[in-house]
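The structure appears below as structure tokens.
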2 protein chains.
Amino acid sequence: MRRGRSERTTLMDVAVRAGVSAITVSRVLREPQKVSPSLRQRILDLIEDMGYVPDQAARALASRHNSTFGVLVPSLTSRAFLNFMQGVEERVRDSTFRIQYANTHNSVEEEKRQVRLLMSQNTAGIVLGGLEGLEEVSDLIRRANCPVIQVVDVGIETAATAIAVDHAAAAEAATRHLLACGYRAIALLGVAPDVRGGRRTQGYARVLQQAGLYDPDLIHTENAATSTQMGCRLLRRALKARPDIDAVFCQNDDLALGVLFEAQRLGRRVPDDFGICGYNDLDFATVMNPPLTTVRLPLFEMGYRAGDLLIRSADGRTMERQTIRLGFELIKRRTTRRPAG
Amino acid sequence: MRRGRSERTTLMDVAVRAGVSAITVSRVLREPQKVSPSLRQRILDLIEDMGYVPDQAARALASRHNSTFGVLVPSLTSRAFLNFMQGVEERVRDSTFRIQYANTHNSVEEEKRQVRLLMSQNTAGIVLGGLEGLEEVSDLIRRANCPVIQVVDVGIETAATAIAVDHAAAAEAATRHLLACGYRAIALLGVAPDVRGGRRTQGYARVLQQAGLYDPDLIHTENAATSTQMGCRLLRRALKARPDIDAVFCQNDDLALGVLFEAQRLGRRVPDDFGICGYNDLDFATVMNPPLTTVRLPLFEMGYRAGDLLIRSADGRTMERQTIRLGFELIKRRTTRRPAG
DNA sequence: CTGTTAGCGCCTTCAC
DNA sequence: GTGAAGGCGCTAACAG
């Protein structure tokens, strides 16, 4: 089905049929105002008839630029990245640029490979949605011949323009809230290989240490894609290690959903006997029974901004490296008690 | 930040530094065994030092082929497609091919644009994860110079190799099950612009018509991205139109989750007073309270097969057009009563 | 094992 | 408003 196929129609084929030179056909496509209307229309019809599709490889090679952006995300199972991706799309949608995604599977190696691939393609711009291998990718980025936007944690030095959020501070706020609600044995459930999750764990641990309530047995993670089922499993595991657990901070809302279901099955009354705090404020958080207390990150906006930065810098303007900080918000709903006092 | 950058390192640059000709460097990368070990190593070091990254455009142009697959999905908000994408990845992961995704937003126009873009890039193969514009895309596909795998509904004539599932039959089975459980006023909730959803609606309607229970007021859709919140909204709307509704068939599990939450808030007892059936058997279906009755499609397998077909046909072997039919399974859990009789 | 020659399909630059 | 010449960076085909 491959090699033996009919050769594809080229610009030259169209030009010959039109009785003009190749460059004229090329102009019809790129600078139509430079070709006389009648000739232009005739060529346009011919292009349609012959099913001509320009070859991007040749175009990119000759013009030395490309009009697709590459967006790398570490995972497709986490909804958080989907919201992020939608933000990028929204901004890029009615520009002349196209988007292509790739998945790095939370792997530094894969991230490097994908960045190399994008660079190989002379991509117009790259968004690194979740930076896994900071050091190792930085080298590549410095050599990149296109704008690169990184989404990172506050306080991280980046080689490129960055959109930064403070995961550690967000986790601190959530943990403090659980303490303020009077919970004392607060577990943390998460996904092991997730870099951003690690920062959240740090924030959580810091607060509990200060309160003298820290215990490694409270922390449970699993090295697998996040899921609601994982939330159930991790809760059972945590309760085995520390049966007195009275609240859970989940590194994402999918886990929190599972925790709620499992807690209900175990007869825990939420929020009276048992508090739950999620992370990301996904769509279902508001409609759960009870609605989920969670941390909201401006995921869509982060994506939108990333797309915007890319478009602006790809426009040809030189842009200096900058870092855009975006905040978080703790959304207090009904899976946590009202704070005491 | 863009144009004014330093030129990127080329194959020729490396060759000059190594004191060899360009082709030798090229061989080191593609056919290393054809270059003497010592020279090979020297060149490899140089490539590393100089940060040389091959230009895919030039490579694709010269060799007339490309090693990335394009995967088009109609939506990123539906988890069903994520499972599908994961299947494709799993198969492709340790081949020499790479994957790039694009989102068509349930739009025929966008689908055509994206297919054109992929063709422009001389993509090694294309997977159309959810076919929106059958007729219009078929023309393009016939001209495609690479293997194309379509995921379609059974009974649809395709221009390319296809993986087919029978959404209408699956919806019929689900609706019959609800009838067998003794529910009589069965609503259907869905997403408006979804082609596959349309087929499911047909299956549902057919069964209810046969049972003499069909009523257009039972069908409620919304023209927006699917969500759990939408499930809540649609249920309220449906109950307004027909307060006697005693069961709901949801076109996906996210809607079903919202329906369960909303039904619980409205004091409906599930499954005794109120039955719910979902679609897709997503991760959370087994752990809900009660667990969700739903239709399972082999989404991961569909993706895996698509990837497999692509790899096999891209290998150079000519493959004849074929259609692979995959089945569905009705998973009876506890959001529906036990069938009478 | 290494090199030479030619050209992929298009765009840039400069003529007319 | 249109065209001719040359080259983008790489690889196929053929030499040696």
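So you know, we letter chains A, B, ... as the sequences are listed, proteins then strands, and number each from 1.
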TODO: Classify the ring geometry between A:Y304 and A:F300 as parallel (under 30°), tilted (30 to 60°) or perpendicular (over 60°).
DONE: parallel
Do any side-chain atoms of residues 17-26 of chain B form donor-acceptor pairs under 3.5 angstrom with protein atoms, and if so which ones, sequence neighbours left out?
unit_1 : atom_1 : unit_2 : atom_2 : d
B:S26  : OG     : B:R30  : NE     : 3.1
B:S26  : OG     : B:R30  : NH2    : 2.8

Open item on the list: With side-chain hydrogen bond (donor to acceptor under 3.5 Å, both in side chains) as the criterion, how do B:E110 and B:Q114 come out once you've worked through the C-alpha distance, each side chain's angles and the decisive distance to 0.1 Å?
Closed with: CA-CA 6 Å; B:E110 189 58 22; B:Q114 295 283 5; 3.1 Å; yes
Open item on the list: As an exercise, state the distance from CZ of B:R8 to CE of B:M50, rounded to the nearest 0.5 Å.
Closed with: 13.0 Å
Open item on the list: Can you confirm whether more than 12 heavy atoms, excluding those of A:Q33, are under 6.0 Å from its CD atom?
Closed with: yes
Task: Side-chain donor/acceptor of B:S138 to backbone N/O of B:A159, under 3.5 Å - done: no
Open item on the list: Going 5' to 3' along DNA chain D, between which two nucleotides do contacts with chain A fall, using a heavy-atom cut-off of 4.0 Å?
Closed with: D:dG1 to D:dG9
- [ ] Could you tell me the separation between the CG atom of A:L310 and the CZ atom of A:R312, rounded to the nearest 0.5 Å?
- [x] 11.5 Å
TODO: Summarise protein proximity over nucleotides 5-15 of chain C in one line of letters, 5' to 3': B for base, S for sugar-phosphate only, - for none, counting protein heavy atoms closer than 4.0 Å.
DONE: --BBBBSB---
